[in-house]
Colleague: 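Pasting in a structure now, in structure tokens, and then I'll have a few things to ask.
All chains are named by letter (A, B, ...) in the order of the sequence lines, taking the proteins before the strands, and each is independently numbered beginning at 1.
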Amino acid sequence: MLDIKFVRENPDTVKENIKKKFQDNKLHLVDEVITLDSKIRELKVKGDNLRQEKNETSESIGILLRNKEVEASNLKKERVVTINKELINIEEEETTLSQELREKMLVIPNIIDESVPIGKDDTQNKEIEKFGEPYIPPYEIPYHADICASLNGLDKDASGRTSGNGFYYLMNDIARLHSALLSYARDFMIDKGFNYCIPPFMIHGDVVAGVMSFEEMDNMMYKIENEDLYLIGTSEHSMIGKFKGQTLDEKELPIAMTSYSPCFRKEVGAHGIEERGIYRVHQFEKQEMVVLCKKEDAISWYNKMWSYTVEFFRSLDVPVRTLECCSGDLADLKVKSCDVEAWSPRQQKYFEVGSCSTLGDAQARRLNIKAKNKEETYLVSTLNNTVLATPRGLIAVIENNYMEDGSIKIPKALRNYMGGKEIITK
RNA sequence: GGAGUAGUACUCAAGUGGCUGAAGAGGCGCCCCUGCUAAGGGUGUAGAUUGGGAAACUGAUGCGAGAGUUCAAAUCUCUCCUACUCCGCCA
């Protein structure tokens, strides 16, 4: 969300930005927002003046009553009653218009960074850099679910019976590898100086509404029956929610956290749940990075953060590349964002395993997260990035370490977490 | 889950209907004294969010949140939230 003052003062910049994102259908919002804003301010002045009169009149009633001037005080009382009636209308209108303004403001996209490549949609995202040689083995690599099943590590028939499509039983060494990955990801980030955190896995509706749109909420979030609780779709929800409405001391910044949580997503719409695999599922686990920092530090954190994910996967011998989101593919809140994609030797293409974003102060404005020093209070900048989401990350490790005989070589970095084991065999 | 107590600015804290947007203190600024430290004395200042105004200035909101009573609410009523204490339950 942008600052209304900014929109008021720089309407052309905002419009230019909307064009860059190929959202011309939103252009009219800018002028509408400016008109609404000035109407609201007019109402505010009107209301303020009436409230001033009301306060002064009420105060004078007190004085009159003390002097036992009952009649004069009754006249003044009537005046206040009239003012109150007028105020009700003005306040109602102000509330309505403010809501309308906020709704419009919420869908006006954040100003994207100058470095973001211009493009219409995800087909025009730009590869930035490859890390590691995409390796094509001389033998065929089976579908990940088949590999896992053949190693007695996956049972989707059972999960279908217990929970339906989109769930999975991981078992034996595959389950252990999954946990090893998460533990390693956790320690990897702790070593980078991030503070480890396990957040609540359920949050109240008002926090959910703070971190996403209603549409997203419907398409993603599972609600607990008869409770004001939702299962989180990512620990970012809990981690950003942690700071909702807070004013931090600038000395506490930057706050660099790495959080673990299971993630629950309905995955309604676009892609849906695939029948066979464990690539897109209702329940997965994730190690995340969340950073709150000063505005001027945001870009350097952004670069540091995605590079940590790259480093993480490289330490597991998984070739990766970074793909920058072009203007048209960038979610409205984001200033700049890139995906980290892992190489799939089976499909011989890259697939998304993580996403790194800087949101500027847009998220903080929405949720009212501030920091202050002696001189001023200001909105913080927020960033988030995936270290590891698994089973997706598990798939990358399995495919890239699959041996011709059907076994999986365990990357060195994970062996300590696997009791020293070097290979998973049938 | 039950019962009790509390929630006022950066912190502590006074305050049961109008003269309280908030006494007082710490804090913070300046000055003095003393000096190994700790401390002491004087004086000044601010306090959150936002509107109008070129500015000086001026207004609104703001006492955990919301609703209500009233001409008028930090103060009365209701609901909720949070913290603490006690009890119950539980991996």
Side-chain angles (χ1 to χ4, degrees), chain A residues 1-9 33-102 105 179 198-211 224-231 237-238 241-253 255 260-262 361 364-380:
Chain A
M1 193 161 94
L2 291 170
D3 183 13
I4 180 67
K5 263 189 214 158
F6 178 84
V7 180
R8 197 192 297 153
E9 282 157 23
V33 151
I34 292 172
T35 313
L36 271 173
D37 173 54
S38 79
K39 270 195 208 158
I40 288 168
R41 273 152 54 219
E42 260 172 50
L43 280 172
K44 204 165 241 162
V45 171
K46 224 165 135 188
D48 280 357
N49 289 339
L50 278 172
R51 273 182 288 264
Q52 183 184 4
E53 193 189 338
K54 171 185 164 175
N55 291 343
E56 285 168 357
T57 312
S58 290
E59 206 178 313
S60 69
I61 291 172
I63 297 167
L64 286 172
L65 284 180
R66 224 168 300 136
N67 298 330
K68 309 250 192 288
E69 294 178 51
V70 178
E71 270 180 41
S73 78
N74 281 342
L75 273 177
K76 300 229 172 198
K77 280 186 193 178
E78 274 168 39
R79 175 63 192 145
V80 178
V81 172
T82 319
I83 293 175
N84 278 337
K85 277 184 195 149
E86 270 180 74
L87 271 176
I88 287 173
N89 292 329
I90 290 174
E91 280 166 4
E92 238 169 50
E93 195 178 347
E94 204 188 318
T95 313
T96 316
L97 293 184
S98 300
Q99 270 167 9
E100 207 178 308
L101 175 76
R102 185 175 165 88
M105 286 295 291
S179 304
I198 300 175
F201 302 154
M202 295 186 209
I203 51 177
H204 288 314
D206 63 334
V207 182
V208 181
V211 295
I224 306 296
E225 206 178 352
N226 298 328
E227 305 269 352
D228 177 24
L229 287 172
Y230 291 78
L231 290 168
H237 298 156
S238 298
K242 184 172 189 280
F243 299 96
K244 186 171 176 255
Q246 305 290 304
T247 301
L248 304 159
D249 191 321
E250 187 180 80
K251 288 184 211 116
E252 295 172 54
L253 299 180
I255 296 177
Y260 159 81
S261 84
D361 61 10
R365 180 168 299 106
R366 226 181 127 141
L367 294 167
N368 195 21
I369 304 173
K370 293 177 179 165
K372 58 165 187 188
N373 55 34
K374 283 211 165 147
E375 285 81 44
E376 53 165 359
T377 305
Y378 55 91
L379 294 160
V380 301

Colleague: Whole angstrom is fine here: how far is it from NE2 in H204(A) over to P in rU82(B)?
Modeller: 6 Å
Colleague: Run the salt bridge (charged side-chain N to carboxylate O under 4.0 Å, His left out) test against E59(A) and tell me which residues pass, sequence neighbours left out.
Modeller: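 By the salt bridge (charged side-chain N to carboxylate O under 4.0 Å, His left out) rule, E59(A) matches no residue at all.
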Colleague: Between Y378(A) (OH) and rU49(B) (P), how many Å, whole number?
Modeller: 14 Å
Colleague: Atom CG of L50(A) and atom C1' of rG51(B): how far apart are they, to the nearest Å?
Modeller: 14 Å
Colleague: Looking only at heavy atoms, what is the nearest atom pair of I203(A) and S238(A), with distance?
Modeller: CG2-OG, 3.7 Å
Colleague: Quick check: on RNA chain B, is the nucleotide nearest Q52(A) upstream (toward 5') of the one nearest K370(A), or the reverse? Name the residue that is more 5'.
Modeller: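 This one resolves to K370(A).
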Colleague: If you assign N49(A) and S60(A) each to the RNA chain B nucleotide with the nearest heavy atom, which residue ends up on the more 5' nucleotide?
Modeller: S60(A)
Colleague: Where do V380(A) and A371(A) come nearest, in terms of heavy atoms and distance?
Modeller: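 Closest approach of V380(A) to A371(A), heavy atoms only: CG1-CB, 3.6 Å.
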Colleague: Testing the basics here: between F201(A) and S261(A), what is the closest heavy-atom pair and its distance to 0.1 Å?
Modeller: CE2-CB, 3.6 Å
Colleague: Atom CZ of R8(A) to atom P of rU50(B): distance rounded to whole Å?
Modeller: 12 Å
Colleague: Between K244(A) (NZ) and rU82(B) (P), how many Å, whole number?
Modeller: 13 Å
Colleague: When rounded to the nearest Å, what value does the distance between P atoms of rA67(B) and rG2(B) take?
Modeller: 26 Å
Colleague: Under a 4.0 Å N-O cut-off, is there an ion pair linking R79(A) with E53(A)?
Modeller: yes
Colleague: CG of L43(A) versus C1' of rU61(B): gap in Å, rounded?
Modeller: 16 Å
Colleague: Would you sketch RNA chain B in dot-bracket for me? Only Watson-Crick or G-U wobble pairs with both distances under 3.5 Å count, crossing pairs as [ ], other-strand pairs as |, the rest as dots.
Modeller: ((((((((.[[[..)..(.....]]].(((((.......)))))...(((((....)))))..[[[[[..)....]]]]])))))))....
Colleague: Take atom P in rA9(B) and the same atom in rA23(B), then report the distance between them in whole Å.
Modeller: 13 Å
Colleague: Between M1(A) and R102(A), what is the shortest heavy-atom contact and its length?
Modeller: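 Reported closest heavy-atom pair: CE-NH1, 3.5 Å.
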Colleague: Do N368(A) and K244(A) have side chains that approach each other closer than 4.5 Å (heavy atoms only, starting at C-beta)?
Modeller: no
Colleague: Using atom names, set out every protein N or O paired with an N or O of nucleotides 68-71 of chain B below 3.5 Å, distance rounded to 0.1 Å.
Modeller:
residue : atom : partner : partner atom : Å
rC71(B) : O2'  : S58(A)  : OG           : 3.3

Colleague: Between rA25(B) and rC78(B), how many Å separate the two C1' atoms, rounded to a whole number?
Modeller: 36 Å
Colleague: To the nearest angstrom, how far is R51(A) atom CZ from rU49(B) atom P?
Modeller: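 In whole Å, rU49(B) P lies 19 Å from R51(A) CZ.
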Colleague: How far, in whole Å, is rC63(B) from rC76(B) if one measures between their C1' atoms?
Modeller: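 Nearest-Å result for rC76(B) against rC63(B) at atom C1': 16 Å.
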Colleague: Which heavy-atom pair separates F243(A) from I369(A) by the least distance, and what is that distance?
Modeller: O-CG1, 3.3 Å
Colleague: Taking the P atom of each, how far is rC30(B) from rA83(B), in whole Å?
Modeller: 40 Å
Colleague: With rounding to the closest Å, how many angstrom separate the C1' atoms on rG15(B) and rU34(B)?
Modeller: 39 Å
Colleague: Between rC28(B) and rC10(B), how far is it from one C1' atom to the other, in whole Å?
Modeller: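 Taking atom C1' in both rC28(B) and rC10(B), they lie 10 Å apart.
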Colleague: Of all heavy-atom pairs between V7(A) and I34(A), which one has the smallest distance, and what is that distance?
Modeller: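 Closest approach of V7(A) to I34(A), heavy atoms only: O-CD1, 3.8 Å.
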Colleague: Classify the nucleic acid contact of N55(A) as base, sugar-phosphate or nothing, counting any heavy atom under 4.0 Å across all strands shown.
Modeller: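 Sugar-phosphate, backbone atoms only, no base.
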Colleague: On a whole-Å scale, what distance lies between the C1' atoms belonging to rG47(B) and rA22(B)?
Modeller: 11 Å
Colleague: Calculate the interatomic distance between I83(A) atom CD1 and rA60(B) atom P; express it in whole Å.
Modeller: 12 Å
Colleague: Are the side chains of I255(A) and L248(A) in touch, meaning some heavy atoms are under 4.5 Å apart?
Modeller: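 Yes; the side chains approach each other to less than 4.5 Å.
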